[in-house]
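Since we're looking at a predicted model, the values are computed, not measured. All values below come from the heavy atoms of this structure, side chains included, with hydrogens, waters and symmetry mates left out. By convention in this document, chain letters (A, B, ...) are assigned in the order of the sequence lines, proteins followed by strands, and residues within each chain are numbered from 1.
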Number of protein chains: 2
Amino acid sequence: MVISERKKKILAAVVDEYIRTAEPVGSKAIAQSGELHCSSATIRNELAELVSLGYLEQPHTSAGRVPTPMGYRMYVNELMAKQKMSLEETEEMNRRLNQKLQELDDTIRDVSKLASQLTDYPALALTAQSSVTVKRFDLIYVDANTFILVLMLSSNAVKSKLVHLPVSVDADMVRRLSTLFNASFTGVSEQEITPALIHATERAADDSLGLTAVISAFVLETLGEANTPTAFLSGENRLLNQPEFRDPDKAHKLMSYLSGGGYILPAAESLGGSDEVRVLIGPENVAEELKDSSVVIASYDAGDNTRGLIGVVGPTRMDYSAVAAKLSFLAAGLSRRLGGGEAPPAGMHNKLIIKEIEDGHERRKG
Amino acid sequence: MVISERKKKILAAVVDEYIRTAEPVGSKAIAQSGELHCSSATIRNELAELVSLGYLEQPHTSAGRVPTPMGYRMYVNELMAKQKMSLEETEEMNRRLNQKLQELDDTIRDVSKLASQLTDYPALALTAQSSVTVKRFDLIYVDANTFILVLMLSSNAVKSKLVHLPVSVDADMVRRLSTLFNASFTGVSEQEITPALIHATERAADDSLGLTAVISAFVLETLGEANTPTAFLSGENRLLNQPEFRDPDKAHKLMSYLSGGGYILPAAESLGGSDEVRVLIGPENVAEELKDSSVVIASYDAGDNTRGLIGVVGPTRMDYSAVAAKLSFLAAGLSRRLGGGEAPPAGMHNKLIIKEIEDGHERRKG
DNA sequence: TGTTGGCACTCTCTTCTTACGAGTGCTAAT
DNA sequence: ATTAGCACTCGTAAGAAGAGAGTGCCAACA
């Protein structure tokens with residue numbers, strides 16, 4: 001379906017204006033905006049055709065025009081001005097991205113907050129679904145009843161846990177376990193850690209105390225957490241800024257849906273490979289609750305050939321241009337920081353190191 | 001000001017009914033409820049007096065009565081039935097509290113979520129403001145450019161971090177640093193870690209690579225995080241369930257205030273020592289934004305002589321009785337698990353008891 | 001053939017009016 | 001002191017009327 005250049009201009013004008021005012025746009029307003037050099041009557045004719053083509057609709061007979069999802073789609077694909085962010089904005093975003101290069105989850109949480117603040121819509125961020133393995137184990141002997149378990153993952157994250165036992169273990173046992181785990185659990189995927197493997201290890205360690213079980217439980221839990229995509233949602237309340245959510249019921253429904261997190265899996269699956277920003281308009285969304293909202297999604301390179309995503313939710317009357325620009329920038333910033341990780345230094349895998357440091361510190365009672 | 005027994009009964013009936021229906025309560029409704037053995041005319045007389053005493057008010061001349069904050073206060077202090085939770089509720093709560101005895105922050109976050117779900121109001125949870133110190137250091141040598149830093153805190157939390165260096169260190173240096181830090185940084189409060197101390201350590205370690213700086217920075221950050229009270233907010237959107245927040249502006253204002261977290265410090269300061277549940281009704285709140293909402297707060301023993309808190313925010317027409325009961329139960333449950341450091345919770349799986357999990361996470365820059 | 005001004009028409013939104021009813025306060029009777 | 005009865009008040013729901021924005025269409029025009 002080819003439509004004339006002028007129709008496109010008019011459509012763009014309608015969408016722009018509607019995004020700005022949230023009110024149906026009349027022919028007069030467009031004529032006066034000065035973009036087109038023709039009268040309101042001409043524009044009325046064009047508008048009527050745009051309606052019959054399905055790009056616009058009228059709330060009622062004598063109201064202005066409002067874009068349909070199809071109209072928005074056309075706008076997003078072809079018409080909208082690719083917005084550049086101002087220098088200040090770019091700097092501000094860079095500053096805030098740089099500020100905290102910390103624990104991954106926290107970074108992602110902050111990014112979702114940032115996205116929400118920048119766009120003034122609710123924002124969500126998803127960590128990547130990956131397949132992390134354990135790179136090395138360390139067990140630190142603390143006292144007869146206690147040791148610290150340290151895991152270094154293939155993603156170079158480090159997780160640790162204090163294990164307190166009702167029975168005594170000796171340093172030797174701890175050392176033996178450490179060797180064993182480094183030998184048989186490193187580089188192994190979550191799925192490969194079977195009960196059989198655990199049992200074998202337990203027997204090999206001559207472990208009657210159930211330490212093996214505890215350790216492998218922690219390993220499984222840690223890998224599970226690291227591999228499962230998690231979502232962070234920020235600024236839900238910004239929905240209420242939008243006139244389309246003045247109806248508390250509507251707002252509540254969408255907010256509950258978002259808080260519920262039911263979108264996580266579908267979203268994680270839809271992860272495309274590109275850095276491109278995708279826009280899902282109204283009924284293009286699968287979830288019933290989003291049928292008259294829009295979602296803008298950018299994905300970022302999280303390293304290890306995995307991708308996470310940042311998204312923003314709002315009414316279909318969303319400032320696509322600005323939001324897309326901002327998300328794209330954010331995603332690029334994240335990719336730069338997380339992605340493309342050069343291979344971690346090799347040759348450390350089967351090294352075993354147990355630190356035993358003189359201790360003599362007592363646990364302080366609370 | 002002493003008021004008659006019958007007035008109290010009537011006041012209680014008004015509050016109960018108003019909590020239930022959110023509509024002004026008329027004399028007829030009270031007479032029919034059967035509690036009192038007198039006619040609606042008598043009740044009208046009493047109601048008129050209760051109004052002039054300041055316990056009730058009328059939205060307009062010919063409407064029913066609505067409790068004033070003073071009325072709610074009287075209700076909370078003297079009249080309300082101390083609600084017992086049903087057996088199922090208690091069990092459900094216990095089950096969910098036991099479910100995850102994990103990293104502290106997560107526990108608290110879960111508790112706030114739990115509180116919100118149980119009460120159907122937004123809930124917040126604050127971690128305790130404490131003065132944690134480092135109990136022991138471990139440095140795990142990974143390779144020439146990398147080591148893992150593990151901190152065990154006085155709270156028995158364990159934090160770890162991967163440190164990647166642009167220069168080479170030898171295992172000996174790492175060992176030396178470890179000894180030094182254990183000697184001079186353990187048991188030391190955040191405030192006592194001065195630049196002078198850091199410098200002294202750096203010289204003693206003969207550290208020209210700046211490792212001391214990196215390590216002490218992490219220590220300071222970790223202690224800072226552990227000591228600063230943090231708030232978790234859940235279920236903000238439940239506000240929209242309440243008829244008094246059908247006005248989106250009102251709802252939005254309060255939600256923004258809550259999300260902003262500005263209440264954290266005042267709240268943390270107001271921490272009383274007792275296990276008692278406190279109720280702040282409408283204008284009793286300091287924050288302007290809460291002037292016509294109510295807050296119910298319970299505090300829990302977080303160990304180390306510190307206390308955190310769980311709270312619930314809602315309209316003044318809140319089901320104080322039920323909320324108080326639930327929060328009190330939750331707080332008691334938390335205290336039992338976190339506080340005192342004495343007997344660990346019963347009913348844990350296995351023969352091993354997991355005291356606490358902490359984690360750290362570091363990503364290499366891409 | 002495309003464009004424009006004019007005009008009657010449609011439909012929503014606001015304002016005004018009216019009617020209703022819940023709940024009151026007062027009074028007189030018990 | 002309590003109660004029944006009754007007139008009164010006032011907010012709310014429902015209906016009516018007017019205003020205004022915007023349209024569709026037609027006839028004139030370039």
Which nucleotides of nucleotides 1-13 of chain D have their base under 4.0 Å from a protein heavy atom (B), which only their sugar-phosphate (S), and which neither (-), written as one string 5' to 3'? -SBBB---BBS--
At less than 4.0 Å, is any side-chain N or O atom of Arg65(A) found next to OP1 or OP2 of dA21(D)? Yes or no. no
Let's go through Arg278(A) and Val296(A) carefully: what are the C-alpha distance in whole Å and the side-chain angles of both, what is the deciding distance for side chain to side chain contact (heavy atoms under 4.5 Å, CB included) to 0.1 Å, and is it a yes or a no? CA-CA 6 Å; Arg278(A) 264 163 312 148; Val296(A) 181; over 6 Å; no
Atom NZ of Lys28(B) with >12 non-hydrogen neighbours under 6.0 angstrom: no
Let me know the distance between CD of Glu5(A) and P of dG2(C), rounded to the nearest Å. 17 Å
Using atom CG of Leu56(A) as one end and atom P of dG24(D) as the other, report the distance to the nearest whole Å. 11 Å
Quick check: do Glu236(A) and Leu254(A) have side-chain heavy atoms less than 4.5 Å from each other? no
Would you mind reading off the distance between Glu57(A) atom CD and dT23(D) atom P, rounded to a whole angstrom? 14 Å
Distance check needed: dG22(D) C1' versus Gln58(A) CD, whole Å only. 9 Å
Please state how far atom CG in Leu50(B) lies from atom P in dG23(C), giving the value in whole angstrom units. 17 Å
Apply side chain to side chain contact (heavy atoms under 4.5 Å, CB included) to Asp249(A) and Arg246(B), showing your working. CA-CA 9 Å; Asp249(A) 286 344; Arg246(B) 290 206 65 81; 4.0 Å; yes
Figure out the CG/P separation between Leu47(B) and dC26(C), and round it to whole Å. 14 Å
Atom pair distance, as rounded to whole Å: CD in Glu49(A) and C1' in dT3(C): 13 Å
Scan side-chain atoms only and decide if Gln242(A) and Arg317(A) contain a donor-acceptor pair under the 3.5 Å cut-off. yes
Expressed in angstrom and rounded to an integer, what is the separation of Glu23(A) atom CD from dT12(C) atom P? 15 Å
Taking atom CD of Glu46(A) and atom CZ of Arg65(A), what is their separation to the nearest 0.5 Å? 11.5 Å
